[in-house]
Number of protein chains: 2
Amino acid sequence: MQRVTMMDVAKLAQVSPSTVSLYLRKPAAVSPAAGQEIARAISTLGYVPNLVAGGLAAASSKVVSIIVPSIRNAFFAETVSTLQSELAAEGLQVILGHSEYGEDQEEALVRTALAWAPAAVVLTGLSHSPETRKLLRASGVPVVEMWEIGGEPIDMAVGFSHPQVGASAARHLLSKGRRRVAFLGARMQEDHRAAKRASGFAEEIGRTAGTASCAIINHPGAATVEAGSLLLNRAMQQVPNLDGIACSNDLVALGALFECQRQGIAVPDKIAVVGFGDLNFSASCIPSLTTIRPSGDLIGKEVARLILTGIDGGRPAGASRVIDTGHVLIERRST
Amino acid sequence: MQRVTMMDVAKLAQVSPSTVSLYLRKPAAVSPAAGQEIARAISTLGYVPNLVAGGLAAASSKVVSIIVPSIRNAFFAETVSTLQSELAAEGLQVILGHSEYGEDQEEALVRTALAWAPAAVVLTGLSHSPETRKLLRASGVPVVEMWEIGGEPIDMAVGFSHPQVGASAARHLLSKGRRRVAFLGARMQEDHRAAKRASGFAEEIGRTAGTASCAIINHPGAATVEAGSLLLNRAMQQVPNLDGIACSNDLVALGALFECQRQGIAVPDKIAVVGFGDLNFSASCIPSLTTIRPSGDLIGKEVARLILTGIDGGRPAGASRVIDTGHVLIERRST
DNA sequence: CTGAAAGCGCTAACAG
DNA sequence: CTGTTAGCGCTTTCAG
């Protein structure tokens with residue numbers, strides 16, 4: 001499909017192909033006269049460089065492979081979106097893969113990702129199969145794990161501590177005088193990060209208010225609004241006089257809010273609700289939702305920065321290999 | 001970074017590299033004995049084929065480039081997710097780009113996409129710059145435009161008619177006796193598809209109920225819950241005794257629903273609300289939202305099918321070059 | 001069914 | 001600053 005090659009451009013501009021190649025990569029390193037000729041030739045011919053050939057010759061393609069559990073999840077959509085924009089600005093392409101929270105799937109994706117000799121690979125979280133870690137380490141490709149810190153990264157990591165998020169939610173509920181609380185999570189058998197938020201929550205409750213009741217309730221399916229309704233009902237059964245809940249996701253929290261409204265349970269008077277994610281609707285729902293913002297786009301930006309500095313500079317020094325983007329609790333009406 | 005090459009595998013298996021290559025592509029075309037040797041060599045060496053080299057040699061890489069306005073939009077996230085899964089199953093990688101609803105950005109993305117000699121490129125909608133169309137046509141690469149039909153596609157198209165969606169919403173509102181209606185849209189100066197839903201809505205209202213009042217109201221920013229609140233208020237100003245609204249997106253509809261609740265406006269008694277998208281929360285909110293489902297994953301499936309059949313068979317014949325995935329109105333409590 | 005040969009289009013030393 | 005020279009690792013005729 002590739003009609004015009006660098007050879008054609010070189011011929012028309014009366015220079016050698018390598019000069020054209022040089023011009024394309026470092027325009028300043030070519031004489032202005034030659035540069036102009038080349039530029040003209042490129043535009044009259046409508047030349048588009050073949051990145052596949054370039055990648056092969058340079059032994060590293062201008063591609064970064066991103067693997068997330070699911071792009072349908074607004075959290076990751078945000079990060080991927082930011083990452084894509086930042087990388088595109090530097091001429092890097094994004095190859096996308098979905099692990100669906102499966103380590104085996106992730107491993108397969110990593111394997112094909114590596115087949116592209118990518119400039120970097122970006123993974124979600126710190127939990128991976130041993131084989132995945134081995135493949136990645138052996139490849140020598142820069143890898144960034146995102147959305148989680150607090151373990152041993154394969155190479156670099158950008159994210160925040162999930163147990164700390166859980167603890168923040170717990171402290172907030174406690175500070176509002178709640179003592180009969182529950183954590184509502186979805187898919188925690190696979191979503192290790194949500195599970196960590198849950199255990200951080202439970203630990204903090206236990207540590208600070210040993211006498212408080214605390215339940216962790218899991219919905220095996222995806223984190224949806226509907227799951228929120230279900231979970232709230234189960235929580236009320238399990239914790240009599242429930243007065244506070246933390247949710248693993250704002251969608252779940254919204255579902256709980258709707259269920260409260262349906263059953264005439266006053267929020268926050270009877271039950272206080274804390275979410276996670278600060279999604280599109282969280283500020284506008286009724287009551288507005290107290291939530292924890294993980295800043296998915298900050299993560300995206302930092303990952304991009306790590307990749308970019310790793311590419312043109314030497315790899316960044318040890319100090320900056322793990323970046324904590326933190327989290328912010330945003331207090332609204334639901335507590 | 002690529003350690004083991006096909007050469008190494010060939011040596012260990014005591015065959016020639018071309019036999020290994022053949023085995024990788026058509027295992028059946030190689031003798032069972034040789035096949036076993038090769039398979040063993042591959043696994044003991046941990047060989048991963050270099051797709052960059054393969055792409056160069058084969059003059060077409062196993063990549064399909066997908067360009068959507070924004071992956072943060074749940075509609076496109078769904079399609080991309082499905083598409084990625086379907087294509088990955090056939091060994092194709094997805095390269096992702098965001099146009100942010102800009103034709104120039106899209107053109108730039110198409111240009112780099114083409115540099116990868118992709119197996120196909122997937123675009124959103126039928127509106128593109130003339131240069132984009134030219135580039136794509138000249139490249140000879142299969143292109144699929146998705147999420148819209150009703151115009152002249154560059155090559156293939158999968159989607160539905162947006163004016164018809166607007167008309168469906170209008171008919172539904174009319175059938176509920178509403179005569180003072182409005183269409184609430186966001187970013188319609190750039191989002192041509194939303195604008196078409198709006199005009200389809202207005203036309204149908206005019207055609208069927210000439211005496212009805214109908215306003216089209218646009219929020220220049222993104223389609224968010226907050227925009228929904230704003231838009232509802234403007235609609236009520238503009239159309240006294242407003243009794244029905246159609247929204248360009250369920251998020252906008254949710255915002256309108258919240259605003260009604262805040263102001264004590266009964267839905268659907270006073271104002272009926274129709275959304276678009278059938279998002280996660282639409283069945284669960286209060287009242288549950290009547291909406292139009294465009295089936296983003298059906299679109300993804302059909303696009304994948306078109307690409308896949310185009311690759312191993314000859315290109316599909318003229319008849320099936322445009323696929324209408326239709327839309328479904330789902331009636332719930334909000335009307 | 002298998003192997004030899006000839007590149008795919010570009011980059012990257014290295015001389016000039 | 002520019003051109004020459006070798007490949008990058010794989011696919012693909014084409015013989016055998």
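Bear in mind that the values here come from a model prediction, so they are computed numbers and not experimental data. What's counted below: heavy atoms across the whole structure, side chains too, no hydrogens, waters or symmetry copies. Numbers restart at 1 for each chain; the letters A, B, ... are given by sequence-line order, proteins then strands.
- Atom CD1 in B:I154 sits 4.5 Å away from atom CG in B:L136 (nearest 0.5 Å).
- Comparing D:dC8, C:dG3, C:dC10 by their nearest atom to the side chain of A:L56 picks out D:dC8.
- Taking atom NZ of residue A:K26 and atom C1' of nucleotide D:dT2, one finds them 15 Å apart after rounding to whole Å.
- An end-to-end axis angle of 20° holds for the helix from C:dC1-D:dG16 to C:dG16-D:dC1, taken from five base pairs per end and rounded to 10°.
- No side-chain N or O of B:S18 forms a donor-acceptor pair with one of B:S21 less than 3.5 Å apart.
- One can place CH2 of B:W116 at 12 Å from C1' of C:dC10, the figure rounded to the nearest angstrom.
- In this structure A:L109 satisfies the side-chain contact (heavy atoms from CB on, under 4.5 Å) test together with A:I67, A:S99, B:Q84, sequence neighbours excluded.
- When the C1' atom of D:dC8 is taken as reference, atom CG of B:D8 falls 14 Å away, rounded to whole Å.
- Residue A:M7 contributes atom CE, which lies 12 Å from atom P of C:dG7 at whole-angstrom precision.
- Residue pairs meeting the salt bridge (Lys or Arg N to Asp or Glu O under 4.0 Å) criterion with at least one member in residues 120-132 of chain B, sequence neighbours excluded: B:R111-B:E131, B:E131-B:K134.
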Could you go through nucleotides 11-14 of chain D and list every protein N or O atom that sits under 3.5 Å from one of its N or O atoms, giving the distance for each pair?
unit_1: D:dT11; atom_1: OP2; unit_2: B:S21; atom_2: OG; d: 2.7
unit_1: D:dT12; atom_1: OP2; unit_2: B:R25; atom_2: NH1; d: 3.1

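- The only member of A:V20, A:I42, A:L45 that meets side-chain contact (heavy atoms from CB on, under 4.5 Å) when paired with A:D8 is A:L45.
- Per the geometry, CD belonging to A:E37 stands 16 Å off C1' belonging to D:dC1, to the nearest Å.
- Looking at heavy-atom distances under 4.0 Å, B:V15 makes contact with sugar-phosphate atoms alone, never a base.
- Residue pairs that meet the salt bridge (Lys or Arg N to Asp or Glu O under 4.0 Å) test with at least one member in residues 21-36 of chain A, sequence neighbours left out, do not exist here.
- One can place CD1 of B:I42 at 13 Å from C1' of D:dC10, the figure rounded to the nearest angstrom.
- Between the CD1 atom of A:I38 and the P atom of C:dC10 there is a distance of 13 Å, rounded to whole Å.
- Screening residues 7-45 of chain B for ring pair (Phe, Tyr, Trp, His ring centres under 6.0 Å), with sequence neighbours left out, gives no hits.
- In this structure, CD in B:E86 is found 9.5 Å from CG in B:D297, a value given to the nearest 0.5 Å.
- Candidate nucleotides D:dC8, D:dG3, C:dG3 were compared by shortest atom distance to the side chain of A:S16, and D:dG3 ranks first.
- Ring orientation note: the planes of A:F160 and A:W147 are nearly perpendicular, at an angle over 60° on the 30°/60° scale.
- Taking only side-chain nitrogens and oxygens, A:T19 never comes nearer than 4.0 Å to OP1 or OP2 of D:dC1.
- Spacing between atom OH of A:Y23 and atom P of C:dT11 amounts to 14 Å, rounded to whole angstrom units.
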